[in-house]
Amino acid sequence: MPAKTDSALLFGTPQHMGPVEMKTFFNRRTFIKQTGALTTGLSCSLNGVGVHASESPAISKSDFASLRKHLRGQLIQQGDPDYDVVSRVFYWNPAIASKPVAVVRCEHEQDVVRGVDFARSHDLEVAVRSGGHSYSAMGSCDGLVIDVSPLKRIDVDPKNRVVRAQAGALSGEVARVAGGYGLAPVLGQCRGVSAIGVTLGGGLSWLSGLYGACCDNLVSATLVTAEGKTLDVDDESDPELLWGLRGAGANFGVATSFEAKVHEIGSVLAGEVHFAVKDAKAVLRGFREIMHESPDCFQATLNLTSGERGLFVSMCHTGAERDADQMLKKIRAIAPPIREAVGRQSFAALAERAPATDSGKGPSPAFRGIQTVYRDRFTDEIIDVYVEQLLGGTPDVVMGLSHYMHGQVCRVDPTATAFPHRREHSIHLRASFSWSDPLLTESKLAWGEQWRDALRDESNERIYANYQTYETAAGSPSVFAQNHARLLALKQKHDPTNFFHRNANIAAGRSL
Ligand SMILES: Cc1cc2nc3c(=O)[nH]c(=O)nc-3n(C[C@H](O)[C@H](O)[C@H](O)COP(=O)(O)OP(=O)(O)OC[C@H]3O[C@@H](n4cnc5c(N)ncnc54)[C@H](O)[C@@H]3O)c2cc1C
């Protein structure tokens, strides 16, 4: 097993930095102060990968005025009224605190081309943002943010069972439109995750047991490359690039729209069953048993917090009513339920609902952090760590076990798409936490690292692109496994300067 890096937290860490640089890296500002690398307006190279300057002094007011004139959407700069809102992403905290030079809010696909051309010609680092839900805040940077979230058009072709959507469409929005035709997309479980963002990173859905990963359902995409060219990518025009988009997609350009398969889904049995914290061990064990033998048409997530929401299983059963009721009975038998909100509903109603992990009460927390670990097996040791952390933890912490891997997603060969981590009975672990006092940042992030390290030894240093919160000594092969060499060649062909590096980066710790 490769050695761990000492300080592997990715928040605010340029992914093109290798393990050596990452050891000394805590926060982007510290790095800038230490090296001066990002303030010179020049490109430099770490590990043979281009680093783009973030605060280029060479950009004049008239350059920005010209960009603004040619955009259909807005150009938002520091000092503009909306700047503070648009410069933030979901997992935002003082350690990542990037300050974009400007944000292009794309109202037309040509705005993406103009943003890419502007960033390239002014040597600005670029971040691409759609839903803003990246665990490692990749949707922001100190240079130019190309924000595709206003691109919202969604069309369904019911005859061919395909949805065509622009890049700003969120998972919940696509589910709502497809639901109007009795169809369902294979997209994120949280309504706010963008459809394209989750798909380009692989994508695990309520429906993955039946229909595979989100990326297995991707049919085509329109992509703006680092050179500002627009490519229509499908199995005929460029099968190799389509293969790469299915799991490593953010590396190759900005997708402005895409097509994906949708599936006929009737009503589902879905909702939450809550349990008392004192029953944590029994709930974890019972959940494991249920997941171990779950049918393709079932998926569930277990969330645990010492806060008022306690422990809750969120479930979705798309099969026959009788089988679904049987499954609910099994969940209720794990331990005495203290509350329940489960019912038959349309798939769209489930997909559009606020996530159960979001209490919906009061203003959002000022700062958020998250850590994740991918494990081959749901072991007793995981249960012990969860129980221990739950009993000693603070109410802001929510630990989760999600996407228990089974069914169709595991039947697809790991090399059939760029997304390789498809082992049956593997599971994704997560701990998210929030705080409001900036002085707590260091201790909160340190808690997250400790939690991760308690579980990481058995992870075989594998990382799922969409849940990347740290980097291993091996770098990007941890994310792309046996597909890595093929992806490096594709990256070399389509983005040899690593212009698009705010992502689960193929070149992390590697030379192109
Ligand atoms: C609450 C929550 C729930 C989640 N649920 C799931 C889930 O059920 N299943 C799952 O697999 N993952 C899930 N995720 C992870 C999620 O899939 C990834 O974080 C995903 O990358 C988010 O995409 P986004 O567009 O919303 O985020 P952003 O932060 O906008 O982007 C994330 C990454 O995708 C790239 N990207 C975004 N749009 C484009 C584009 N148009 N073209 C090229 N690159 C682009 C960005 O550059 C960045 O690297 C969840 C995350 C959160 C925070």
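Along the sequence shown, residues are numbered consecutively beginning with 1. Since the structure is predicted, the reported quantities are computational estimates derived from the model, not experimental observations. Both ligands and their constituent atoms are indexed starting at 1 by order of listing.
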note = If we number the atoms of ligand 1 from 1 as shown, the ones under 4.0 Å from a heavy atom of Ser134 are 19 (O), 27 (O), 28 (P), 29 (O), 32 (C)
request  = Please could you name the atoms of ligand 1 that Leu204 approaches to less than 4.0 Å, counting only its heavy atoms?
outcome  = 7 (C), 8 (O), 9 (N), 10 (C), 11 (O)
remark   = Per-atom filter on ligand 1: closer than 4.0 angstrom to a heavy atom of Tyr91 are 53 (C)
ask   = Does CD belonging to Glu227 count more than 12 external heavy atoms closer than 6.0 Å?
value = no
task = Give a yes/no on ligand 1: does Gly253 have at least one heavy atom closer than 4.0 angstrom to it?
result = yes
ask   = Taking the non-hydrogen atoms of Gly203, is any one of them nearer than 4.0 angstrom to ligand 1?
value = yes
key: Numbered atoms and elements of ligand 1 in range of Val254, under 4.0 angstrom, heavy atoms   = 42 (N), 43 (C)
query = Is there a donor-acceptor contact under 3.5 Å from the side chain of Arg430 to the main chain of Ser402?
reply = no
inquiry  = Would Thr222 and Arg164 count as a side-chain hydrogen bond (donor to acceptor under 3.5 Å, both in side chains) here? Give the steps.
reply    = CA-CA 11 Å; Thr222 299; Arg164 294 191 182 90; over 6 Å; no
ask   = Which of the atoms of ligand 1 are close to Ile196, meaning less than 4.0 Å from one of its heavy atoms?
value = 38 (N), 41 (N)
request  = Quick one: look at Arg502 and ligand 1, take heavy-atom pairs under 4.0 Å, and tell me if it's side chain, backbone, both or neither.
outcome  = backbone
Closest candidate by heavy atom, reference atom 24 (P) of ligand 1, pool Ser208, Gly400, Gly131 = Gly131
ask   = For Ser130, is at least one N or O under 3.5 Å away from an N or O on ligand 1?
value = yes
ask   = Under 6.0 Å from the six-membered ring centre of Tyr374 and within 45° of its axis: does the NZ or CZ of Arg462 meet both?
value = no
task = Could you tell me if the ring centre of Trp92 sits under 6.0 Å from that of Phe367?
result = no
ask   = Any N/O of Val148 closer than 3.5 Å to an N/O of ligand 1?
value = no
inquiry  = So if I count the atoms of ligand 1 from 1 in the order they appear, which ones are less than 4.0 Å from some heavy atom of Gln189?
reply    = 7 (C), 8 (O)
ask   = Tyr464: heavy atom below 4.0 Å from ligand 1, yes or no?
value = yes
request  = Would you please determine whether Tyr467 falls within less than 4.0 Å of ligand 1 on a heavy-atom basis?
outcome  = yes
ask   = Heavy-atom count around Lys152 NZ within 6.0 Å, excluding the residue itself: above 12?
value = yes
query = Under the 6.0 Å and 45° cation-pi test, does Arg486 pair with Trp243?
reply = yes
message = Between Phe90 and Tyr135, is the ring centroid distance below 6.0 Å?
response = no
task = With heavy atoms of Leu200 as the reference, note each atom of ligand 1 found under 4.0 Å away.
result = 42 (N), 43 (C), 44 (N)
Test item, Val89 contacting ligand 1 (heavy atom, 4.0 angstrom) = no
task = Flag the pair Arg456 and Glu461 as a salt bridge only when some basic side-chain nitrogen lies within less than 4.0 angstrom of an acidic carboxylate oxygen.
result = yes
request  = Look at the rings of Phe118 and His122 and say which category their plane angle falls in: under 30° parallel, 30 to 60° tilted, over 60° perpendicular.
outcome  = tilted
